[in-house]
Number of protein chains: 2
Amino acid sequence: MASPRRTTLHDVAQEVGVSAKTVSRVLNGDGPTSPATREKVMAAVEKLGFQPNLMARNMRVGGPDSTVGLIIPDMGNPFFGTVAGGIESAVRQRGLTLLMGSCADDPDRERALSNTFLARRVSALMVVPTVGADHAHLRAARTAGMPVVFLDRPGTGLTADGVVSSNRDGAREGTAHLITGGHRRIAFVGDRPATLYTRRERLAGYREALEAAHLPYDRSLVLDGHTEAEAAEAVQRVLHSPQPPTAILAANNFAAMGTVLGMVREGRRDVALVSFDDLPFAEVLEPAITTVAQDPAAIGRAAAEIALARLDGDRTRARTVTVPTRLIPRGSGELPPPR
Amino acid sequence: MASPRRTTLHDVAQEVGVSAKTVSRVLNGDGPTSPATREKVMAAVEKLGFQPNLMARNMRVGGPDSTVGLIIPDMGNPFFGTVAGGIESAVRQRGLTLLMGSCADDPDRERALSNTFLARRVSALMVVPTVGADHAHLRAARTAGMPVVFLDRPGTGLTADGVVSSNRDGAREGTAHLITGGHRRIAFVGDRPATLYTRRERLAGYREALEAAHLPYDRSLVLDGHTEAEAAEAVQRVLHSPQPPTAILAANNFAAMGTVLGMVREGRRDVALVSFDDLPFAEVLEPAITTVAQDPAAIGRAAAEIALARLDGDRTRARTVTVPTRLIPRGSGELPPPR
DNA sequence: ATGAAAGCGCTAACAT
DNA sequence: ATGTTAGCGCTTTCAT
């Protein structure tokens with residue numbers, strides 16, 4: 001009981017009694033076709049359930065496929081989902097379809113996925129680089145005219161276009177906000193590994209704010225946590241230390257959730273908090289959480305615009321676009337230090 | 001300054017001084033090859049940055065592409081991201097790559113995306129059906145041997161395999177939990193449109209629990225809200241009604257977030273809440289939120305297993321797998337009614 | 001161990 | 001308005 005072969009253009013042509021090229025003309029609307037054959041062809045297509053084989057078409061036409069590839073490190077993070085939405089709506093207007101894959105934080109899988117996309121001749125490739133991944137292998141495809149855009153973090157081993165948030169400025173602003181409120185001991189809860197681009201940049205912004213206010217940089221106030229649970233534990237520990245912080249800058253949404261969880265577990269509502277990344281529940285908590293909001297949709301849009309410009313022949317040198325963040329004061333960052 | 005043509009198998013062959021077929025043999029490791037040529041070929045591949053054109057390969061080989069397509073209605077919902085993760089890890093073991101696209105709740109775009117996947121000859125197609133979409137056009141591909149699996153909701157116009165949560169049982173259990181706590185006026189906050197499969201099933205489970213306890217079904221306690229904001233407003237309104245509920249069953253995560261937001265705005269911490277779908281912040285709120293947790297990763301795994309079995313020749317009739325939900329009492333569902 | 005020819009499904013270029 | 005031929009890049013089949 002073998003499956004029937006997939007219907008081809010020839011099957012349709014035979015059914016109607018015309019040549020394959022005529023069917024092709026009808027379907028792609030290029031050459032002239034009589035209304036009569038057009039109808040007959042469409043009927044046969046419907047009847048046989050014909051799906052044109054785009055691989056064959058693309059191969060003959062020679063151009064790239066009408067898809068854009070996106071590689072993200074983690075499907076569960078809605079941040080990337082929103083980024084993807086921004087790309088999607090921008091490329092769709094050009095008749096391109098966004099296809100995405102997740103590498104689950106694995107550099108080997110990132111490599112495999114990019115080969116998958118390259119081998120299928122996507123029009124452009126967008127990558128949110130995973131820690132440890134190298135991107136030198138993309139050079140050939142890029143030289144052959146395929147745009148490569150790095151999102152959220154710069155790529156490694158390849159100079160290409162990129163789009164990032166104003167991580168440093170945003171973190172500086174968030175920290176300064178706490179300092180203005182009177183805080184002098186401010187903890188930083190960041191992602192791991194500490195070499196992660198966004199973490200480095202945000203830590204740098206945090207330090208800039210401290211320096212500007214002539215506050216000391218205390219390493220014991222810099223905490224790690226890749227997951228919510230880890231961040232929560234780190235926060236609980238530091239709140240029990242001899243000189244606990246009176247305020248916390250959480251450097252991403254998982255860190256922020258963990259920080260809130262840690263504070264709840266300790267029954268501490270008196271610690272000020274500013275979170276980098278907006279949170280779905282930011283407005284629901286008491287106090288509501290002050291955030292340094294990123295604009296993931298704008299990041300996606302900017303990346304798509306760069307890629308489309310490249311496809312249109314833009315040959316200027318690689319550039320990096322910075323999408324601004326915005327401080328949204330909501331309450332948690334306005335708590336004064338105890339005195 | 002035109003882009004250089006993409007390197008082909010022949011380019012590599014010419015560089016080495018062998019035939020194309022020899023290069024093909026080296027790359028796919030089928031026929032016998034001498035170690036010497038093997039090395040030279042690999043070197044040339046590296047030097048020229050050769051990426052085999054999978055479209056050409058697949059076309060000649062005739063089989064399906066080594067990708068699996070997934071269509072989801074919304075990128076921003078982490079529920080679907082987790083489902084995708086479950087599929088991904090299951091199909092990867094078979095050398096298949098998961099590619100996903102979002103139709104943004106638009107049935108036309110769902111159709112376009114499925115054509116995109118079909119035209120590229122994916123090995124299998126997974127669809128989370130969007131409201132208003134029809135799936136009859138998938139019949140031909142399915143007949144030709146491509147597995148189709150519907151996730152989270154049944155498809156329309158096509159009998160195919162499916163995987164869903166135990167929506168009705170879960171909602172009944174969640175509602176019964178509130179009834180056991182002494183509540184007699186329990187509101188239902190659901191998604192829109194009211195015809196949505198998951199909403200219908202969950203409402204049915206809610207009604208079953210009411211009936212089992214001989215409680216009246218009061219339509220004024222059934223609220224709608226497709227977004228967090230809409231749900232919040234509906235909740236605020238009902239709390240001001242003459243006979244307000246003392247407990248709420250939120251039928252999905254957006255409804256739950258909106259419900260919490262509405263309660264916070266009204267300063268009401270005395271209303272019991274059970275949420276269908278687990279929430280990232282469920283444990284952080286006070287009281288922590290009692291949920292009827294789904295298992296999205298298990299949904300994805302089950303769907304992948306069905307598809308793989310079909311690819312292995314399973315020709316039994318279409319079946320629907322139900323993945324159980326689990327009640328997680330955390331506090332918000334244990335609030336007693338005021339007396 | 002390697003090469004030559006044919007063909008996968010489609011369309012560009014040239015007929016008619 | 002339609003048909004024919006050739007070929008996209010690769011692999012199969014059959015040589016050598």
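So you know, we letter chains A, B, ... as the sequences are listed, proteins then strands, and number each from 1.
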The side chain of B:Asn53 lies closest to which of these nucleotides: D:dG9, C:dG9, C:dT2?
D:dG9
Give a yes or no on whether a salt bridge exists between B:Glu305 and B:Arg301, defined as a side-chain N under 4.0 angstrom from a carboxylate O.
no
Selected nucleotide, minimal atom distance to A:Arg60 side chain, candidates D:dC10, D:dG3, C:dA12
C:dA12
Look only at the side chain of A:Asp161 and the backbone of A:Arg319, and say whether a donor-acceptor pair between them is shorter than 3.5 Å.
yes
B:Arg57 side chain, from C-beta outward: closest of C:dT2, C:dC10, D:dT11:
D:dT11
For B:Thr37 and C:dT2, is the shortest distance between a side-chain N/O and OP1 or OP2 below 4.0 Å?
yes
By nearest heavy atom, map A:Thr7 and B:Thr33 onto DNA chain C; which one lands nearer the 5' end?
B:Thr33
Side chain A:Arg25 and base D:dG3 donor-acceptor under 3.5 Å
yes
What nucleotide among C:dC10, C:dT2, D:dT12 has an atom nearest to a side-chain atom of A:Phe50?
C:dC10
Checking C:dG3, C:dT2, D:dG3 against the side chain of A:Ser19 (C-beta onward), the nearest is D:dG3
Under 4.0 Å: is that the gap between some side-chain N or O of B:Thr22 and OP1 or OP2 of C:dT2?
no
Can any side-chain N or O of A:Arg25 pair as donor or acceptor with the backbone N or O of A:Gly31 at less than 3.5 Å?
no
If only side-chain N and O atoms of B:Ser24 are considered, is one of them under 4.0 Å from the OP1 or OP2 phosphate oxygen of D:dT11?
yes
Students often get this wrong, so: under 4.0 angstrom with heavy atoms, is B:Asn58 touching a base, only sugar-phosphate, or nothing?
nothing
For A:Arg5 and C:dC10, give me the distance from atom CZ to atom C1', rounded to whole Å.
14 Å
Would you mind telling me which of C:dG3, D:dT2, D:dC10 lies closest to the side-chain atoms of B:Pro52?
D:dC10
With no hydrogens and no angle check, is any side-chain donor or acceptor of A:Asp74 less than 3.5 Å from a backbone partner on A:Ala104?
no
Looking at C:dG9, D:dT11, C:dT11, which one has an atom nearest to any side-chain atom of B:Met59?
C:dG9
When you measure from the side chain of A:Ala56, which nucleotide among C:dA12, D:dT4, C:dG9 comes out closest?
C:dG9
